[in-house]
Amino acid sequence: MELTVTKFGEYQNQDVMKYTMTNDHDVRVSILNLAGIWQEYSIPTADGHQNLLLSSDSVEGFMGNGLCLNKLIGRVANRIDHATFTIDQQTYHVEQNEGENNIHGGNNGWKENFWEVETKESADQLQIVLSKQFTEAMDHFPGTETAKVTYTLANDNSLSIDFEGSSDQPTLFNPTNHTYWNISDHNDVTGLELQLNSTDHLAVNATKIPTGERIANAGTPYDFQQFSSLGQALSAMQATSDEGGFDDYFEVTPTDASTNQPVAQLYDPETKRRMKMYSDRNSVVIYTANGLSGDLGLSKPAQSWLAIAMEGQTLTDAINHDDFGNIVLRPEAPMHNHLRYEIEF
């Protein structure tokens with residue numbers, strides 16, 4: 001196993017460094033100190049290494065197009081209604097950075113900052129540990145939150161992400177990585193099959209805020225309880241949705257690897273590659289990169305459905321819905337969330 005550090009580029013007059021972990025099977029994972037970006041999950045092929053993530057070889061490709069491409073998202077992933085919430089009868093107002101709502105932690109959240117990096121090595125795994133303190137002056141959320149994110153590449157080719165948070169006063173903690181996958185040899189995901197352990201998804205209003213209603217997936221393009229063609233589902237969504245694809249909050253049953261029951265799986269019938277995703281939280285947000293065009297600096301030509309983002313988190317806007325899950329981080333109770341990806345090739 002090997003761990004190397006190289007300069008990736010510059011951003012706001014600071015060096016962007018790439019930390020690359022390579023295991024004994026020649027699987028490579030690269031993480032940037034900027035936004036904790038997961039730049040690479042590459043597998044060896046007959047034609048050299050192939051990155052199974054939608055990615056970029058430039059800083060601009062990550063920071064210049066609004067895709068949140070493979071970035072760490074926090075303190076809170078996705079949207080908060082009217083950027084307002086209440087903890088212990090105290091009402092807080094955070095940044096409105098998408099209309100009247102807050103999205104992905106605001107304009108100076110986890111995804112816009114440089115992180116401190118530590119590396120660890122052992123006989124059967126490599127780790128990249130990122131840490132950062134976020135103050136109310138930085139991101140407008142209450143309290144000083146200390147965040148730690150650990151990426152672990154094991155010799156079984158799995159990649160785990162552990163999110164840890166502590167705070168000096170009550171605040172929110174619902175992070176994720178906005179990971180975009182395309183495990184195929186093609187420039188879109190229409191040939192892939194998706195499976196989710198989900199029976200419903202959330203109804204939303206015109207600004208993508210959950211109404212509180214759950215909609216059954218069965219008999220609709222949202223039904224992925226069995227492996228289903230993404231191409232067929234996307235065609236159906238294009239015919240019935242103004243968004244031209246998925247940008248939706250699926251409710252799932254939390255799982256861990258010991259159960260061998262992933263919250264989500266991607267499968268490529270052509271190459272037989274498979275990605276299994278495990279999460280200890282109750283939602284996977286699915287976004288199929290709808291309507292992309294122009295020069296976005298990506299590893300694949302910009303077009304609809306060139307990748308699928310799969311974001312493990314607690315249900316969106318949970319702080320404003322009592323039955324969506326707890327995302328309140330308290331001083332006496334540090335929080336920990338876990339995502340795990342198993343890739344077969």
Table please: side-chain donor-acceptor pairs of residues 8-15 below 3.5 Å, with sequence neighbours left out.
residue	atom	partner	partner atom	Å
Glu10	OE2	Lys7	NZ	2.9
Asp15	OD1	Lys7	NZ	3.2

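Ring geometry, Phe246 versus Tyr222: the interplanar angle exceeds 60°, so the pair is classed perpendicular (tilted spans 30 to 60°). The aromatic rings of Phe250 and His201 sit tilted, their planes meeting at an angle between 30° and 60°.
Here the side chain of Asn174 pairs a donor or acceptor atom with the backbone of Thr314 at under 3.5 angstrom. Judged by distance alone, with hydrogens and angles left aside, the side-chain atoms of His104 form a donor-acceptor pair with the main-chain N or O of Asn78 at under 3.5 Å. When atom types are taken as modelled, the side chain of Asp24 and the backbone of Asn155 share no donor-acceptor pair closer than 3.5 angstrom. When atom types are taken as modelled, the side chain of Lys272 and the backbone of Pro269 share a donor-acceptor pair closer than 3.5 angstrom. Formation of a donor-acceptor pair under 3.5 Å by the Ser56 side chain with backbone atoms of Leu298 is not found in this model. For Lys148 (side chain) and Val129 (main-chain N/O), no donor-acceptor pair under 3.5 Å exists by modelled atom type. Judged purely by atom type and a 3.5 angstrom limit, Gln303 uses its side chain to pair as donor or acceptor with the backbone of Asn187. Although no hydrogens or angles enter the test, the distance criterion places no donor-acceptor pair under 3.5 Å between the side chain of Asp268 and the main chain of Arg273. Under the 3.5 Å distance criterion, the side-chain polar atoms of His321 are left unmatched by any main-chain donor or acceptor of Thr316.
Shown here is Asp323, whose CG atom has more than 12 heavy atoms of other residues, nucleotides or ligands within 6.0 Å.
Judged by distance alone, the side chains of Thr91 and Thr86 do bring a donor and an acceptor atom under 3.5 Å apart. A donor and an acceptor atom, one from each side chain of Glu95 and Asn108, are nowhere located under 3.5 Å apart. In this structure, a donor-acceptor pair under 3.5 Å is present between the side chains of Glu270 and His186. Asn177 and Tyr151 form a side-chain donor-acceptor contact under 3.5 Å, judged by distance and modelled atom types alone. With 3.5 Å as the limit, one finds a donor-acceptor pair spanning the side chains of Asn157 and Asn23. Under 3.5 Å, the side chains of Glu40 and Ser30 contain a donor-acceptor pair of N or O atoms.
The side chain to side chain donor-acceptor pair (under 3.5 Å) test applied to Glu145 returns no partner, not counting sequence neighbours. Applying the salt bridge (Lys or Arg N to Asp or Glu O under 4.0 Å) criterion to Lys111, with sequence neighbours excluded, gives no partner residue.
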Next on the checklist: Between Thr152 and Gln127, is the side chain to side chain donor-acceptor pair (under 3.5 Å) condition met? List the steps.
Outcome noted: CA-CA 4 Å; Thr152 303; Gln127 291 184 313; 3.0 Å; yes
Next on the checklist: One pair to check against side chain to side chain donor-acceptor pair (under 3.5 Å): Ser198 and Glu251. What are the steps and the verdict?
Outcome noted: CA-CA 6 Å; Ser198 172; Glu251 186 168 25; over 6 Å; no
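Taking every heavy atom of both residues into account, Asn290 and Glu243 meet most closely at CB-O, 3.3 Å.
Residues Val59 and Leu54 share a hydrophobic cluster, clusters being chains of Ile/Leu/Val/Met/Phe/Trp/Tyr side chains in contact below 4.5 Å. Hydrophobic cluster membership is shared by Leu159 and Val117, with clusters built from Ile, Leu, Val, Met, Phe, Trp and Tyr side chains linked at under 4.5 angstrom. Note: the hydrophobic cluster containing Leu72 does not contain Leu34 (ILVMFWY, side chain heavy atoms under 4.5 Å, direct or indirect links). With hydrophobic clusters built from ILVMFWY side chains whose heavy atoms lie under 4.5 angstrom apart, Trp305 shares a cluster with Leu53.
Atoms CE and NZ, from Met138 and Lys132 in turn, are 4.5 Å apart once rounded to the nearest 0.5 Å. Distance check, rounded to the nearest 0.5 Å: OG of Ser131 to CD of Glu164 gives 10.5 Å. Distance check: Ser184 OG to Lys300 NZ gives 6.0 Å after rounding to the nearest 0.5 Å.
Between Arg274 and Glu342 there is no salt bridge, since no side-chain N of the basic residue sits under 4.0 Å from a carboxylate O of the acidic one. In this structure, Asp156 pairs ionically with Arg340, as a charged nitrogen and a carboxylate oxygen lie closer than 4.0 Å.
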